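Just passing along the structure, written as structure tokens.
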Amino acid sequence: MHIVTTIAGSDSGGGAGIQADLKTFQELEVFGTSVITALTAQNTLGVTGVCPIDVSFIKKQLEALVEDFPIAAIKTGMLYSSEIIKAIAHKIRELNIPLIVDPVMIAKGGESLLQQEAIDALRSTLLPLATVVTPNIPEAETLTGRSIHHFEDMKEVAQSLLQLGVQCVIIKGGHLADPLYAIDYVFCKNGRSFSLQSPRIQTKNTHGTGCTFSAALTAFLGQGFALENAIIEAKKFIQLAIMFNLSIGNGHGPTNHFAYQQYKEGCEVIIHET
Ligand SMILES: Nc1ncnc2c1ncn2[C@@H]1O[C@H](COP(=O)(O)OP(=O)(O)O)[C@@H](O)[C@H]1O
Ligand SMILES: Cc1ncc(COP(=O)(O)O)c(N)n1
């Protein structure tokens, strides 16, 4: 049994954060463990409160896991403050395992999940340790201070993230205007770059898409999948989770973490060399 860890915020609504990550881990048959950085009072309509956990207690959670489990991969999600980022980076630096950084900044409803002053710490302390970073378009722009309008912009943004020491950058295209396809762009340190294309699903139920995608990637990497295969399978996982989304709640409903196991054989992702 492979053991993986998510370091993220709790979403009381169950669609994003720690809850989405653990559901994804369970579906992909890895043993999920967690370090909770903040509690959010949240549902499909939005975030009504954030309560960060004491940094010393965040460290204690991670130390408890490291002491007892051979963790195969770690992902980070909502990290909230520079103190939290620095504390977990310090511990992760000692571990030689895949680290997937989902640089969560703003919830779908517009509420901030990362303090503005923490962006520097994310860039300078955590990203250099990352195997993969998975920004959406606005996060990639904020991390690099560059706007993305065309593919050439995306290439430059990815290059500047690779220069920080990240092994692989996946710029997620959920926020692009393409009405037909959801296309993610992958740039690797070794110069390889490709895109992953799947049909865009017309739905408002996209709460937790980024969390679920990066959790699936973590589960596959933790199981020892080669990076490219792990990325392709994670894309299938999120595609099916959105395709069979759940109309739960009155706002942006969650994705369906059960769908991949049922429908994965019929799911195709188109790869283009870029
Ligand atoms: N409507 C959609 N249909 C299909 N895939 C989508 C859709 N929206 C997002 N995705 C996919 O979900 C994943 C998360 O992307 P995105 O929504 O951009 O991230 P975030 O949740 O961090 O904002 C990506 O693989 C993206 O291509
Ligand atoms: C605790 C937590 N972590 C992450 C997200 C981002 O998810 P989304 O972008 O779908 O709102 C969230 N809403 N809550």
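What you see is a predicted model; the values in this text were computed from it and never measured. Below, each value reflects all heavy atoms present in this structure, side chains not excepted, and no hydrogens, waters or symmetry copies.
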Cluster link Phe213 to Val104, ILVMFWY, side chain under 4.5 Å: no
Side chain Thr206, main chain Thr209, donor-acceptor under 3.5 Å: no
Residue pair Ile106 / Pro138, side-chain heavy-atom distance below 4.5 Å: no
Between OG1 on residue Thr44 and CG on residue Leu246, distance to nearest 0.5 Å: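 It is 11.5 Å, given to the nearest 0.5 Å.
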Student check: side-chain heavy atoms of Glu63 and Lys91 closer than 4.5 Å: yes
Interatomic spacing from CG in Leu99 to CG in Asn96 - rounded to 0.5 Å: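 Spacing of CG (Leu99) from CG (Asn96) equals 11.5 Å.
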Donor on one side chain, acceptor on other, Thr48 and Gln42, under 3.5 Å: no
Non-hydrogen atoms of Leu161 and Leu127 that approach each other most closely: CD2-CD1, 4.0 Å
Nearest atoms (heavy-atom pairs only) where Thr37 meets Met78: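 Distance-wise, the nearest heavy atoms are OG1-O, 2.7 Å.
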When the side chains of residues 230-244 are checked against the rest of the protein, which donor-acceptor pairs come out under 3.5 Å, sequence neighbours left out?
{"residue": "Glu233", "atom": "OE1", "partner": "Tyr260", "partner atom": "OH", "Å": "2.5"}
{"residue": "Glu233", "atom": "OE2", "partner": "Lys236", "partner atom": "NZ", "Å": "3.1"}
{"residue": "Lys235", "atom": "NZ", "partner": "Ala182", "partner atom": "O", "Å": "3.0"}
{"residue": "Lys235", "atom": "NZ", "partner": "Asp184", "partner atom": "OD2", "Å": "3.1"}
{"residue": "Lys235", "atom": "NZ", "partner": "Ser198", "partner atom": "OG", "Å": "3.4"}
{"residue": "Gln239", "atom": "OE1", "partner": "Ser198", "partner atom": "OG", "Å": "2.7"}
{"residue": "Gln239", "atom": "NE2", "partner": "Pro199", "partner atom": "O", "Å": "2.9"}

Same apolar cluster (I L V M F W Y, side chains within < 4.5 Å links), Val166/Tyr185: yes
Test log, rule side-chain contact (heavy atoms from CB on, under 4.5 Å), inputs Gln261 and Leu28: CA-CA 8 Å; Gln261 287 303 358; Leu28 293 176; 4.2 Å; yes
Non-hydrogen side-chain atoms of Asp153 and Ser147 separated by less than 4.5 Å: no
From Ile36, Asp102, Asp21, Thr218, residue fulfilling side-chain contact (heavy atoms from CB on, under 4.5 Å) relative to Thr6: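 The residue from Ile36, Asp102, Asp21, Thr218 that satisfies side-chain contact (heavy atoms from CB on, under 4.5 Å) with Thr6 turns out to be Asp21.
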Residue pair Ile100 / Thr76, side-chain heavy-atom distance below 4.5 Å: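 Result no, sub-4.5 Å side-chain heavy-atom pair not found.
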For Gln167 against Thr131, the heavy-atom pair lying closest together: CB-O, 3.1 Å
Neighbour count >12 (heavy atoms, 6.0 Å) for atom NZ, Lys189: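 Result for NZ/Lys189: enclosed.
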Arg200 side-chain N/O to Pro179 backbone N/O, donor-acceptor pair under 3.5 Å: no
Nearest heavy atoms of Leu180 and Asp178, plus distance in Å: N-OD1, 2.8 Å
Approximate separation, where rounding is to 0.5 Å, of Lys86 NZ and Leu122 CG: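 That separation rounds to 12.0 Å.
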Nearest-0.5 Å distance that lies between atom NZ in Lys204 and atom NZ in Lys108: 13.0 Å
Side chain to side chain, Ser112 and Met105, heavy atoms closer than 4.5 Å: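 The answer is no, as the side chains (C-beta and beyond) never meet within the 4.5 Å cut-off.
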Qualifying ring pair (Phe, Tyr, Trp, His ring centres under 6.0 Å) pairs with a residue from residues 39-87, counting only residues at least two apart or across chains: none
Separation of Glu156 CD from Phe187 CZ (nearest 0.5 Å):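 CD of Glu156 is found 10.5 Å from CZ of Phe187.
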Closest non-hydrogen atom pair, Ala140 against Ile148: CB-CD1, 3.9 Å
Inter-residue atom distance Cys211.SG - Ile18.CD1, 0.5 Å rounding: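 Nearest 0.5 Å value for the SG-CD1 distance: 9.5 Å.
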Side chain proximity check, Asn205 to Thr255, heavy atoms < 4.5 angstrom: no
Flag side-chain contact, heavy atom, 4.5 Å: Val4 against Phe31: no
Nearest non-hydrogen partners of His257 and Gly15, listed with the distance: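 Smallest interatomic distance, heavy atoms only, reads CE1-O, 4.3 Å.
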Between Asp11 and His207, a side-chain donor and acceptor under 3.5 Å: yes
Single-linkage hydrophobic cluster Leu126~Ile7, side-chain heavy atoms < 4.5 angstrom: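 Same cluster.
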No-hydrogen, no-angle side-chain donor-acceptor test under 3.5 Å, Thr274 and Ser193: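 Result is yes, a qualifying pair exists.
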Results of salt bridge (Lys or Arg N to Asp or Glu O under 4.0 Å) for Glu152 - residues two or more places apart only: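 For Glu152 the salt bridge (Lys or Arg N to Asp or Glu O under 4.0 Å) partners, ignoring immediate neighbours, are Lys155.
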Test salt bridge (Lys or Arg N to Asp or Glu O under 4.0 Å) applied to Glu117 - qualifying residues, sequence neighbours left out: none
Test side-chain hydrogen bond (donor to acceptor under 3.5 Å, both in side chains) applied to Thr24 - qualifying residues, sequence neighbours left out: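 Result, side-chain hydrogen bond (donor to acceptor under 3.5 Å, both in side chains) vs Thr24: none returned.
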Beyond-backbone contact of Ile74 with Ile97, side-chain heavy atoms, under 4.5 angstrom: yes
Any residue meeting side-chain hydrogen bond (donor to acceptor under 3.5 Å, both in side chains) with Glu228, in chain and number order, not counting sequence neighbours: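 Residues passing side-chain hydrogen bond (donor to acceptor under 3.5 Å, both in side chains) with Glu228: Arg192.
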